[in-house]
Amino acid sequence: MDLLEAAIAGFAARRDAAPDYSETLGKIEAQLGKVREAMNTLARRPAMELTPDEMARQISAAGAKARAEDGIVIAQARGRIDGAVRDMERLAGVIAAAREQRRRLAWAAGGGLLAGMLLWSVLPGVILRALPQGWHMPEAMAAHIIGEPTLWEAGSRLMRANSPQAWQTIVVAAEVRRENSETIDACEQAAANTGQPVRCTIRIRKPSS
């Protein structure tokens with residue numbers, strides 16, 4: 001009996017000395033509850049309820065929608081590009097028309113200028129010749145064109161340009177007349193009195209080399 005009482009007392013002592021795990025077990029249970037709730041929430045998600053066929057169908061539908069949206073974007077871009085090409089073609093046509101118009105204007109301006117020059121070259125002569133001869137307008141116009149101050153100088157320049165040799169003969173004859181002016185005047189008076197040609201002696205200087 002003494003041994004049995006001692007054994008019972010030992011079991012009781014070991015039971016009283018065992019640690020209390022109730023708090024730890026409570027925490028574990030709480031964590032398991034959270035895990036269970038999370039799994040239930042995940043299980044209620046639509047994706048978890050999809051079958052592989054349904055998922056494939058939705059993926060195919062999403063791809064078709066994306067392709068359709070891409071097609072719309074591509075069509076819009078193509079429309080913008082086509083519009084830009086049409087605008088460039090229209091602009092090129094406008095530029096070509098403007099160039100053609102400028103070319104025609106240039107030809108018209110050149111033709112008008114040439115016609116004006118021809119008319120101006122002919123019309124003054126017609127007008128000047130229609131004026132009275134006593135005004136000497138053609139001669140004055142010729143002197144103005146040549147750039148000489150007087151008609152004599154203009155005529156001298158024209159004769160010298162036309163025939164230098166003939167002009168030199170005129171110059172020599174004028175010089176002989178000037179140097180023998182008294183003798184020639186007397187001879188002319190004698191011829192006028194007699195009504196007949198008279199012999200007249202004049203002096204000629206040696207030509208300068």
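- A salt bridge links Arg177 with Glu188; the closest basic N to acidic carboxylate O contact falls under 4.0 Å.
- One hydrophobic cluster, built from ILVMFWY side chains closer than 4.5 Å, cannot hold both Val198 and Ile202; they sit in different ones.
- Heavy atoms of other residues, nucleotides or ligands lying less than 6.0 angstrom from CZ of Arg103 number more than 12.
- Between the side chain of Asn162 and the backbone N or O of Leu158 there is no donor-acceptor pair closer than 3.5 Å.
- With salt bridges taken as basic N to acidic carboxylate O contacts below 4.0 Å, one links Arg104 and Glu100.
- At distances below 3.5 Å, at least one donor-acceptor pair connects side-chain atoms of Asn180 with backbone N or O atoms of Arg203.
- Shown here is Gln101, whose CD atom has no more than 12 heavy atoms of other residues, nucleotides or ligands within 6.0 Å.
- Through chains of ILVMFWY side-chain contacts below 4.5 Å, Val171 is grouped with Met159, Trp167, Ile170.
- Taken from CD1 in Ile81 to CD in Gln76, the straight-line distance is 12.0 Å, to the nearest 0.5 Å.
- Note that CD of Gln165 is 15.5 Å distant from CZ of Arg160, once rounded to the nearest 0.5 Å.
- Using a cut-off of 4.0 Å between Lys/Arg side-chain N and Asp/Glu carboxylate O, Asp87 and Arg80 are scored as not salt-bridged.
- Judged by distance alone, with hydrogens and angles left aside, the side-chain atoms of Arg157 form a donor-acceptor pair with the main-chain N or O of Ile146 at under 3.5 Å.
- Here the side chains of Ile204 and Val176 are in contact, with some heavy-atom distance below 4.5 Å.
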